[in-house]
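In what follows, a single structure is set out as structure tokens and then discussed.
All figures in this text were calculated on a predicted structure; none of them were measured in a lab. Residue numbers start at 1 and run along the sequence shown.
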Amino acid sequence: MSEEEKVLTQETENAEAETAADVTEAAAEVTAEAEAAADAAAAEAEAPAETMADFDEAITASMKPIHEGDILKGTIIGISDEELTVDLGIYTDGVVRLEDASDDPDFSFRDFEVGQEISATVIRRDNAQGRIQLSLKAAAAVLGWERLQQLEKEQTNITVKISEAVKSGVTAYVEGIRGFIPASKLALSYVENLDEYVGKEIEVRVITAEPEGKRLVLSARDILREKEREERKQRISNVEVGLVTEGVVETIKDYGAFINLGKGLSGLLHVSQISQQRIKHPSAVLKEGQTVKVKVIAVKDGKISLSMKALEDVAAQEIEEETYKMPKTEDATTSLASLFKNIRL
């Protein structure tokens, strides 16, 4: 076979091999498409058949007339600094402008998420862009008060951010509604500078929610008092009977004195436990501000009982134990001569 015939034969064999590979690849693609079609058909067969009844609710909602003042539910599909775009499931979308979201000057849309459901009030059925203009603020005037009344009923703790200091208190927003926290309800003790609270987040409870008068009053003091009571209970549980410590006379009553032991703890020093001697009134021995040494004699029902008399008893006992022992009777008859016999003048 000549060289030309060999080359021609090789080219023919290569062409036949490429054709066979193409056929195989095409067959594989057909098989894959067939398998995918089979899977889709199986999935469709497993899915429940859709009927007209399944679309009734959506159709009814889309055809329902919209009026100003209606409260609609929708899903957020777009967020910008200035507005929210809301899918209402009807012929057009809704939009909430920033100025219609809240009266809170610090409010922003940064806490909202796409896919989140919201309720808003229709304030215009068709704005310049052909969308329904909505208001979270107007909806809060209805739904917000319902929520606030529920919070008041359940006495639920909520976290708020202080917006501003005003006369005799501070303000904060809950559900887009401005609430007032009196200075007397802001802390356990008197707050001299209310401005220090501005911008801070604190836990509060709703103590008054009156939508008719638009009166919302909040309190942090009750929560703080409960926490303090729980902490005090924990500290008291660590106090042991028999402990001797120092304290400061806090207040004096007819029946005794209250002693400040520090760390938020105080105990009662009953008049009968002040001294071994009987006294008519604690002020005969004690005065407010005086530092005294006391002994814990009882811890019961969250109360600490103290005693100064118990320390006097201990001191008297120690003195008695250290008293010099007198010689026996027969040794006590020693004459003066024997006492001075070794003394030389």
Side-chain angles (χ1 to χ4, degrees), residues 151-152 154-162 169-170 172 181-207 217-276 279 281-318:
L151 290 173
E152 179 188 10
E154 297 175 354
Q155 285 296 281
T156 305
N157 294 356
I158 56 175
T159 300
V160 299
K161 185 177 181 179
I162 304 302
V170 296
I181 308 174
S184 60
K185 299 291 185 181
L186 191 56
L188 291 173
S189 57
Y190 175 73
V191 178
E192 186 172 351
N193 187 0
L194 294 172
D195 290 327
E196 292 180 351
Y197 278 81
V198 176
K200 288 185 177 180
E201 290 189 347
I202 63 173
E203 269 194 311
V204 297
R205 286 179 186 160
V206 177
I207 58 175
V217 183
L218 311 170
S219 173
R221 185 174 183 178
D222 296 339
I223 299 173
L224 295 173
R225 184 175 290 164
E226 287 178 4
K227 288 183 178 180
E228 182 188 51
R229 192 180 297 122
E230 187 61 33
E231 290 173 359
R232 183 177 185 276
K233 183 179 178 182
Q234 183 62 40
R235 288 194 296 268
I236 287 178
S237 66
N238 295 326
V239 176
E240 296 182 357
V241 174
L243 173 68
V244 176
T245 185
E246 284 189 344
V248 178
V249 179
E250 208 166 30
T251 54
I252 296 177
K253 305 292 184 181
D254 292 340
Y255 52 84
F258 286 95
I259 310 300
N260 185 346
L261 302 174
K263 297 183 179 179
L265 295 179
S266 62
L268 174 62
L269 176 61
H270 194 268
V271 64
S272 63
Q273 293 295 325
I274 294 177
S275 175
Q276 292 282 4
I279 57 176
H281 195 274
S283 59
V285 178
L286 304 172
K287 62 180 180 180
E288 292 183 2
Q290 178 182 350
T291 299
V292 293
K293 196 172 185 179
V294 292
K295 180 179 181 179
V296 177
I297 57 174
V299 179
K300 186 177 181 182
D301 298 328
K303 298 177 181 179
I304 302 174
S305 297
L306 306 171
S307 175
M308 291 173 61
K309 187 176 78 171
L311 295 178
E312 291 182 6
D313 292 340
V314 172
Q317 183 178 355
E318 290 176 350

Exercise for the section: Evaluate side chain to side chain contact (heavy atoms under 4.5 Å, CB included) for E250 paired with E288, printing each intermediate quantity in order. Expected result: CA-CA 6 Å; E250 208 166 30; E288 292 183 2; over 6 Å; no

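- Nearest heavy atom pair, residue A187 against residue L224, reads CA-CD1, 3.8 Å.
- When all heavy atoms of F258 and K253 are compared, the pair lying nearest together is CE1-CG, 4.1 Å.
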Practice task
Report the C-alpha separation of N238 and I236 in whole Å, then their side-chain angles, then the decisive distance to 0.1 Å, and conclude whether the side chain to side chain contact (heavy atoms under 4.5 Å, CB included) test is met.
Solution key: CA-CA 5 Å; N238 295 326; I236 287 178; over 6 Å; no

Problem - Step-by-step side chain to side chain contact (heavy atoms under 4.5 Å, CB included) determination, S275 to M308 - result: CA-CA 6 Å; S275 175; M308 291 173 61; over 6 Å; no

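- For the pair E240/V296, no side-chain contact is recorded, criterion being any heavy-atom separation below 4.5 Å from C-beta on.
- L261 places a side-chain heavy atom less than 4.5 Å from the side chain of V294.
- Between L286 atom CG and H281 atom NE2 the span is 10.5 Å, to the nearest 0.5 Å.
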Practice task
Decide side chain to side chain contact (heavy atoms under 4.5 Å, CB included) for R225 and S219; before the verdict, give the C-alpha distance in whole Å, the side-chain angles of both, and the deciding distance to 0.1 Å.
Solution key: CA-CA 11 Å; R225 184 175 290 164; S219 173; over 6 Å; no

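- Nearest heavy atom pair, residue V217 against residue P182, reads CG1-CD, 3.9 Å.
- No side-chain heavy atom of Q290 sits under 4.5 Å from any side-chain heavy atom of V248.
- In this structure, the separation between CG on L311 and CD on Q273 is 10.0 Å, given to the nearest 0.5 Å.
- In this structure, L268 CG and T251 OG1 are separated by 9.0 Å, a value rounded to the nearest 0.5 Å.
- One distance of note links CD1 of I297 with NE2 of H270; it measures 10.0 Å at 0.5 Å rounding.
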Please tabulate, one pair per line, all N/O donor-acceptor pairs under 3.5 Å involving side-chain atoms of residues 189-207, not counting sequence neighbours.
residue, atom, partner, partner atom, Å
N193, OD1, D195, N, 3.1
E203, OE1, K227, NZ, 3.1
R205, NE, N157, OD1, 2.6
R205, NH1, E226, OE2, 3.1
R205, NH2, N157, OD1, 3.4
R205, NH2, E226, OE1, 2.8
R205, NH2, E226, OE2, 3.4

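- Here the shortest heavy-atom pairing between V244 and K295 reads CG2-CG, 4.0 Å.
- The two residues E312 and I274 make their nearest non-hydrogen contact at OE2-O, 4.1 Å.
- From E152, atom CD reaches atom CG of L218 across 10.5 Å, with rounding to the nearest 0.5 Å.
- For the atom pair OG1 of T291 and CD1 of I259, the computed distance is 9.5 Å after rounding to the nearest 0.5 Å.
- Using a 4.5 Å cut-off on side-chain heavy atoms (C-beta onward), V271 and D254 make no contact.
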